[in-house]
Student: 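Quick one: the structure is below, and I'll ask about it shortly.
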Amino acid sequence: MGGQDEDPREFLPLTPAVLEILLALAEEDLHGYAIMREVERRTDGETRLGPGTLYRSVGQLLERRWIREADERPDPALDDERRRYYRLTDLGRRAALAEVERLEGLVRTAHRKGLSPAKRPRTAQGEAS
Amino acid sequence: VAPPQEEPHGRAVSGSERLYRALLAAYPKEFRRAHGREMAQVFRCMCREEVVRSGRGGLARLWVRTLLDLLATALAERIKQALGISTLVGSSSTLSQWSGLAAAAGGVLLIASGALYWVNETRLYGEVTAIGGEAQGPQWALGLVYDVSYLLFLGGLAGLFGLLERARRTRPRQAGLALSLSLSLAWCSAVAGLVLIGLAAAATVASVVQLSTVGVVTIGGPGGIPRGSFLDMALGVSGWLMLSGVPLGIVLMSVAVLELGLLGRWKALPLAVGLLMNPLLNLFLFCLLALVKGADISDGDIVTVPTAWPNWSGFYTYVVPNAIIGASWVLLGWVLWSSRGEHRDSSAEQASL
């Protein structure tokens, strides 16, 4: 499991927590608490992962080999050595991309059907008249 | 030398961390071993930040959020561990696809056999088989055993269906509750089924009824199909196909469940037993019926009772239950058979976007 031949689309749709974690790790290696802070910062505090949700998802991602424990640490002198840093793997990146493509497809379909936030006020007026 | 400066609300933070460490016992041992230390560390960081930002009130709100999170995730991990479910399930296999075809074929045979049996007994022979002798035992118990037998079979089927449906959809969050419920049902089925089989077998042995005579019970009478004719043999073959096809389908389904990694070997066993119980119990029921009615089926107490066509009582006895169970099998088989095709379709759809 977790090889290059594996198609991550079999696991779609991803849970919101899993997608948030993959996005948080897209640019750099992070430890658990940093992932939590990054998700909270990016969503303006709307999404707060609890320790249970975070590590349950991390466990699943490690099992699927979408992330792995990073060998290098940013600066051991400045950081708690007990912390584990996680890194997105190629397979994990493909899974995140597949989910983003799926969501983009949904958004395009919604736009085609007139469900666009930009059109909302006009549609409401049209219906009212 | 100035004394070291104390963290604000330091005791509250360290006390919270100690309590959280203790509460981590709610998670399975393996999960604690893998993530427990980091979780406690993360919680400590969260406490510190919340205390600095909002004081003790913030810490209290954090505790409420964390407790809800802990309850939900610990329960989910416990269920996952108890059922031996892997998060790696993401694809259907060729085996599960072909076992789906076997299940659908078994379902069709089951429906056909119910209809054939009904037509054969009441239209072609004009009589139904009954066991003579005076009623000596509790008659209600027989009906109960029959009904429970079908219910258990459907329960086990629901469990299997839930498992394989999960593999097809690969949506662990949405399928979580349905899967847990159907599996609980399947486990109850398996345990109750084993008890019933044991009771029926014990009753059979106690009455010294010869099991071998069940196979030579014949249905005859004026207007019936001549013994040894082609149609008679075809009906016999279809009956045997039904009797062997359904258990074979169940076994194949169980193998698919194992192969997909949905359940471990020892956890799939009770599920398979629960499902196999129905065909096995039906075999014993004939002997149990003889016991309750005080008949000796090895000594000519098998009687035939004339009946008119159409015999609606026979229709409800043979055709309806077989149709319900058979339809479930066809549905299950269809889900399995189409799973790979659906996956290909969805992949192509994704690619075209």
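Note on naming: letters A, B, ... go to the chains in the order of the sequence lines (proteins, then strands), and numbering restarts at 1 for each one.
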Student: Considering only heavy atoms, which portion of B:A76 lies under 4.5 Å from any heavy atom of chain A: side chain, backbone, both, or neither?
Tutor: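 It is both, since atoms from each part get that close.
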Student: Would you mind telling me which of B:H35, B:E38, B:R37, B:M39 has the largest number of heavy-atom pairs within less than 4.5 Å of chain A?
Tutor: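 Option with the greatest count: B:E38.
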Student: Would you compute the distance between atom NE2 of A:H31 and atom SG of B:C45 and round it to the nearest 0.5 angstrom?
Tutor: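 One finds 7.5 Å between NE2 of A:H31 and SG of B:C45.
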Student: Measuring from B:D69:CG to A:R56:CZ, what's the distance to the nearest 0.5 Å?
Tutor: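 If I round to the nearest 0.5 Å, the distance is 10.5 Å.
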Student: With a 4.5 angstrom heavy-atom cut-off, is it the side chain or the backbone of A:R48 that approaches chain B, or both, or neither?
Tutor: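 Interface part for A:R48: side chain.
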Student: Can you name the nearest heavy-atom pair linking A:P51 to B:Y20, along with the distance?
Tutor: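 Taking every non-hydrogen atom into account, CB-OH, 3.3 Å.
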Student: So which atom in A:Y55 and which in B:V42 form the shortest heavy-atom distance, rounded to 0.1 Å?
Tutor: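 Looking at all heavy atoms of both residues, the closest pair is OH-CG2, 3.6 Å.
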Student: CE of B:M46 to CD of A:E40: how many Å apart, nearest 0.5 Å?
Tutor: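 If I round to the nearest 0.5 Å, the distance is 7.5 Å.
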Student: Check this for me: A:R37, atom CZ, are more than 12 non-hydrogen atoms of other residues, nucleotides or ligands nearer than 6.0 Å?
Tutor: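 No, not enclosed.
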Student: Hey, is CD on A:E69 packed in by over 12 heavy atoms from elsewhere, all under 6.0 Å?
Tutor: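 Atom CD in A:E69 is crowded, with more than 12 foreign heavy atoms closer than 6.0 Å.
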Student: What are the two closest non-hydrogen atoms of A:T53 and B:T73, and how far apart are they?
Tutor: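 Looks like N-CG2, 3.6 Å.
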